[in-house]
*Asks:* 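My questions will all concern the structure given below.
Keep in mind that the numbers below use all heavy atoms, side chains included, and drop hydrogens, waters and symmetry copies. This one's a predicted model, so the numbers in the text were calculated from it and none came from an experiment.
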Amino acid sequence: FAAAHFLHAYHNSYEPAGAPPLLASLLPAGLVSRLEAPEPRDFLDAFCSDNPSPNTLWGASLRTTLHEALLRAVAPFCAELVASRTGGGPRPEDRPYSIGTPPRVVYPEQAAELLVGGLYVRLFIACGGGTELASPAGWGEQLLEALVQL
C-alpha cells in the first residue's frame, strides 16, 4: 500500500501534466490513469486485480511481464554491486542507482486490443456497454476513426 501512495504522489506531482515518462514506459495508460483518482487504493485495486475492465486490461500475466522487465532493467546494476563487493571497489550502498532511459514494457496481451478513448473496445462490448462515457458521440467518432484505420 505504501508503494501505491508513493506512485500516486509521484504521478500527481509531475509537471507537465500527464504521466511521468517512467510510469508511461512501464505501465499501460489505463493503469496509469488510475493514479489520477483521489485515493491510491483505486490504483492498488486495479494493479492487484485479475478482472479486466473496459478501461483497465491488467492481470497476473501482465504483472509477470512487468516484473521480468524490471528485473532486466536492474540486472546490470545488480551485477555491478556484486562485482564491487567481491572486487574491493566502493561499498555497494555508496553506489547511486540511475535507471537511465526507462525500459518500454510491451504487453503482448494488449497488443491485439483496440483501445479507443481509454476503453478496450472488446471489453466495453463484453460488459454490455455498462461503462459510462463522458461524451458518447465523441467516443463513437473516435471508434469509427479507429476502425477506418484498421
Side-chain angles (χ1 to χ4, degrees), residues 1-86 92-93 95-134 138-140 142-150:
F1 193 61
H5 273 280
F6 170 77
L7 291 174
H8 185 263
Y10 174 66
H11 175 73
N12 290 306
S13 67
Y14 189 77
E15 294 293 333
L22 177 62
L23 294 181
S25 71
L26 296 175
L27 299 172
L31 200 54
V32 172
S33 71
R34 296 292 186 106
L35 290 166
E36 296 166 5
E39 292 295 321
R41 168 71 61 192
D42 190 52
F43 169 78
L44 186 62
D45 289 345
F47 186 83
C48 295
S49 176
D50 288 325
N51 299 317
S53 69
N55 55 6
T56 308
L57 178 56
W58 192 250
S61 65
L62 292 108
R63 283 190 297 276
T64 298
T65 300
L66 174 62
H67 181 249
E68 291 169 353
L70 291 173
L71 287 176
R72 284 190 303 277
V74 299
F77 181 70
C78 293
E80 287 179 30
L81 291 178
V82 170
S84 69
R85 177 167 281 167
T86 59
E93 57 270 19
R95 297 180 61 91
Y97 175 72
S98 172
I99 195 165
T101 303
R104 165 86 38 209
V105 181
V106 176
Y107 298 96
E109 297 89 340
Q110 294 181 344
E113 295 287 340
L114 181 58
L115 182 65
V116 174
L119 297 175
Y120 292 96
V121 174
R122 177 183 60 82
L123 297 172
F124 179 72
I125 292 169
C127 79
T131 300
E132 188 174 322
L133 300 171
W139 189 82
Q142 289 177 327
L143 176 62
L144 287 174
E145 185 177 314
L147 292 173
V148 167
Q149 292 178 6
L150 289 179

*Asks:* To the nearest 0.5 Å, how far apart are CG in L62 and OG1 in T56?
*Replies:* 11.5 Å
*Asks:* Is the ring pair Y107/W58 parallel, tilted or perpendicular, if the boundaries are 30 and 60 degrees?
*Replies:* perpendicular
*Asks:* Carefully, step by step, assess N55 and R34 under the rule side-chain contact (heavy atoms from CB on, under 4.5 Å).
*Replies:* CA-CA 9 Å; N55 55 6; R34 296 292 186 106; 3.4 Å; yes
*Asks:* Give the minimum heavy-atom separation between A60 and D50, together with the two atoms involved.
*Replies:* N-OD1, 2.9 Å
*Asks:* More than 12 heavy atoms of other residues, nucleotides or ligands under 6.0 Å from CD of E109: is that the case?
*Replies:* yes
*Asks:* Rounded to the nearest 0.5 Å, what separation is found between the CG atom of L123 and the CG atom of L115?
*Replies:* 10.0 Å
*Asks:* Once rounded to the nearest 0.5 Å, what's the spacing between atom CZ of R63 and atom NE2 of H67?
*Replies:* 12.0 Å
*Asks:* Restricting to non-hydrogen atoms, name the atom on L143 and the atom on V116 that form the minimum distance, rounded to 0.1 Å.
*Replies:* N-CG1, 3.5 Å
*Asks:* In Å, rounded to the nearest 0.5 Å, how long is the span from CZ of F43 to OG of S33?
*Replies:* 10.0 Å
*Asks:* Return yes if some donor-acceptor pair links the side-chain N/O of H8 with the main-chain N/O of A37 below 3.5 Å, else return no.
*Replies:* yes
*Asks:* Closest heavy-atom contact between P54 and C127?
*Replies:* CG-SG, 3.6 Å
*Asks:* Decide yes or no for F47 and L7: does some side-chain heavy atom of the first lie under 4.5 Å from some side-chain heavy atom of the second?
*Replies:* no
*Asks:* Does the Q110 side chain pair with the main chain of L57, one donor and one acceptor, at a distance under 3.5 Å?
*Replies:* yes
*Asks:* Any idea which heavy atoms bring P103 and A73 closest together, and the distance?
*Replies:* CG-CB, 3.9 Å
*Asks:* Which heavy-atom pair separates L44 from A4 by the least distance, and what is that distance?
*Replies:* CB-CB, 4.0 Å
*Asks:* Taking side chain as C-beta onward, heavy atoms only, is T131 less than 4.5 Å from W139?
*Replies:* no
*Asks:* V121 and L147: side-chain contact (heavy atoms from CB on, under 4.5 Å), yes or no, with the steps?
*Replies:* CA-CA 11 Å; V121 174; L147 292 173; over 6 Å; no
